[in-house]
Amino acid sequence: MSTVVAKFGGTSVANAAQIKKVAAIVRADERRRIVVVSAPGKRDRQDEKITDTLIACHALAARGRPFRDRFAPISDRFRELARQLGIGGDMDPWVDEVEDLIASGADQSAVVSRGEYLCAHMIARYLGFEFVDATEIIEFSDATTVDAAATDRRIAVRLNGNARYVIPGFYGGRTDGSVQLFTRGGSDISAALVARGIGAESYENWTDVSGLLSADPRIVDSPRPIAEVSYRRLREFAFLGAAVFHEEAVSPAASRSIPIVIRNTNAPDHPGTTIAAASESEPRITGVAGRDAIHLVSVERSGLGKDVEAAGAIGRAARDAGVALVHLGFGADSGTALVAATTTEALDAFLGAIPAAVGCDNVAPPEAVAMVGVVGENVARSAALMAAAVGALEAASIPVMGVTADYSPFSFFFVVPDERYAEATKALYGAAVSG
Ligand code: ASP
């Protein structure tokens, strides 16, 4: 029997009314036999995600401080949800178990994963599906790497082709059986791995928007929705900065040509966005995306462009400092790195490591920039499109500090001053998507 893996994000399971919508969606199609859930997210803007509350509880417990007051909202929230869903006191033992676990000094992965764990138990009860723990089926070989072959084998052994399951997202197991978390938003990856392991017909990713848009709606008014996009172009779109679903969730599904469909729990009749292998009906331009708060770091040293070790040395310096290296380019005697840093300490550590890494005397202070680019079929080989894009930036008097079009035929991007990011996004949208 064919199987659809349906993953529901934090807003889809935030309260009892949302969980009832989830149940209606699951029951509307009997192929939706495997449900993967996130931890309950925010119910309103003031609310806190269960995952964030757990991070706070673990931090307190790890310092030997009392955490029970901080844990109380989690306990209250699950007990109340269970009441509202008519599964009475069924959640009580699970909630108590989590409180004891935190008190016992369990590690961060073990504690922070419990939002998904409790949520999956609750939804399994409510739907009458079997709970399967993610530690049984997703195997990590180290803190950041999933053992794909071992995970496929575990799924084949543990999941039966006809039964119905609820699986917590966001974590798997280390080889010793202990819990290992993915990065934030990682339930998307969990569901992609399950979809691949089971050979699903499709992977539905249910969220609170009706699919992906061709630009950030906070910047561009009513951007065109994306009905279809190929795996490859979606990866470029996410790489440029589009806040789509977790980038690492694409490859497991793509490796077995499983379509990923992004859909809205609050508008279940909307077809959403289908991400699949390249198709004829995919529009030529996917959209415009970018990221602000990027640092442009310039380095000068005679012969740098011919030093085959330089790229690796800069990459290692970025990794060790904890900054994300977004792009690297070299000329005869110079190089530039675009990096994203979450803290000034990390950025300073990176800048401090550069002289030793590439053998230069000093590094100029970084410039605050943004990247903004276009994704679509062969866009980086289209002189006409590039001319239109440059023309639009020029018409808006936005200085171009760099342009890169050599890494993939599917996209190109400009480097512009950070404070011009929104204007540059609008200009490129006008030139490439709506123009
Ligand atoms: N609950 C986790 C987070 O908030 C993981 C997820 O929702 O995918 O990041």
Side-chain angles (χ1 to χ4, degrees), residues 5-15 18-19 21-22 34-59 70-71 73-74 77-78 81 94-95 98 101-102 106-124 131-135 137-138 140 143-144 146 151 166-173 179-196 203-209 212 238 243-253 260-266 275 324 342:
V5 171
K7 181 259 168 179
F8 293 90
T11 54
S12 299
V13 293
N15 62 35
Q18 290 300 93
I19 294 170
K21 292 182 195 170
V22 166
I34 302 186
V35 173
V36 176
V37 291
S38 284
K42 293 184 183 192
R43 288 160 291 187
D44 54 53
R45 287 173 67 142
Q46 280 73 289
D47 202 10
E48 189 173 56
K49 290 182 173 188
I50 293 276
T51 302
D52 290 317
T53 318
L54 286 165
I55 291 172
C57 290
H58 172 261
R70 202 71 176 82
F71 185 74
I74 298 184
R77 197 163 163 188
F78 277 106
L81 278 171
W94 308 118
V95 173
V98 172
L101 180 90
I102 303 174
D107 75 10
Q108 214 217 11
S109 278
V111 172
V112 177
S113 63
R114 295 304 87 178
E116 273 69 11
Y117 175 84
L118 289 172
C119 188
H121 268 298
M122 180 175 69
I123 300 218
F131 168 89
V132 174
D133 200 2
T135 51
I137 53 175
I138 294 178
F140 278 83
T144 53
V146 170
T151 298
V166 179
I167 303 169
F170 192 33
Y171 66 94
V179 172
Q180 176 61 54
L181 282 183
F182 285 103
T183 52
R184 292 302 300 264
S187 302
D188 288 344
I189 311 173
S190 311
L193 291 166
V194 173
R196 190 200 44 207
Y203 162 20
E204 292 178 343
N205 190 284
W206 292 86
T207 175
D208 54 5
V209 290
L212 309 176
V244 293
F245 86 126
H246 209 301
E247 228 191 316
E248 290 169 46
V250 177
S251 311
I260 305 165
V261 194
I262 314 274
R263 299 187 66 175
N264 190 349
T265 300
N266 305 316
I275 307 158
T342 40

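Whatever order the structure lists them in is the order used to number ligands and atoms, beginning at 1. Heavy atoms only: backbone and side chains are in, while hydrogens, waters and symmetry mates are out.
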| task | Answer yes or no for His246: is there a heavy-atom contact with ligand 1 below 4.0 Å? | result | no

| said: Quick check on Gly186 - does any of its heavy atoms sit under 4.0 Å from an atom of ligand 1? | reply: yes

| message | Under the side-chain contact (heavy atoms from CB on, under 4.5 Å) test against Ile50, which residue among Ile74, Ile55, Val112 passes? | response | Ile74

| message | Tell me if a side-chain donor or acceptor on Ser190 pairs with a main-chain N or O of Phe170 at a distance below 3.5 Å. | response | yes

| query | Is any side-chain heavy atom of Val13 closer than 4.5 Å to a side-chain heavy atom of Met122? | reply | no

| task | State the atoms of ligand 1, each with its element, that fall below the 4.0 Å cut-off from a heavy-atom position in Glu116. | result | 1 (N), 2 (C), 5 (C), 6 (C), 7 (O)

| task | Run the salt-bridge test on Glu48 and Arg77 with the 4.0 Å N-O cut-off and return the result as yes or no. | result | no

| Under 3.5 Å between some N or O of ligand 1 and some N or O of Asp188? | no

| message | Looking at ligand 1, would Gly169 count as a contact under a 4.0 Å heavy-atom criterion? | response | no

| request: Indicate yes or no: does an N/O atom of Lys7 lie under 3.5 Å from an N/O atom of ligand 1? | output: no

| If only atom types and distance count, is the side chain of Asp188 paired as donor or acceptor with the main-chain N or O of Ala249 below 3.5 Å? | no

| query | Looking only at protein heavy atoms, which one is nearest to atom 7 (O) of ligand 1, and how far off is it? | reply | Ser38 OG, 2.9 Å

| Looking only at protein heavy atoms, which one is nearest to atom 3 (C) of ligand 1, and how far off is it? | Arg184 NE, 3.3 Å

| said: Please identify which of these residues, Phe78, Phe131, Tyr171, meets the ring-ring contact (aromatic ring centres under 6.0 Å, His included) condition with Tyr117. | reply: Phe131

| said: Checking the N or O distance criterion of under 3.5 Å, is ligand 1 in contact with Phe170? | reply: no

| request: Go through ligand 1 atom by atom and flag the ones less than 4.0 Å from a non-hydrogen atom of Ser187. | output: 5 (C), 6 (C), 7 (O), 8 (O)

| request: Quick one: pull up CD1 in Ile167 and NZ in Lys7 and give me the separation to the nearest 0.5 Å. | output: 13.5 Å

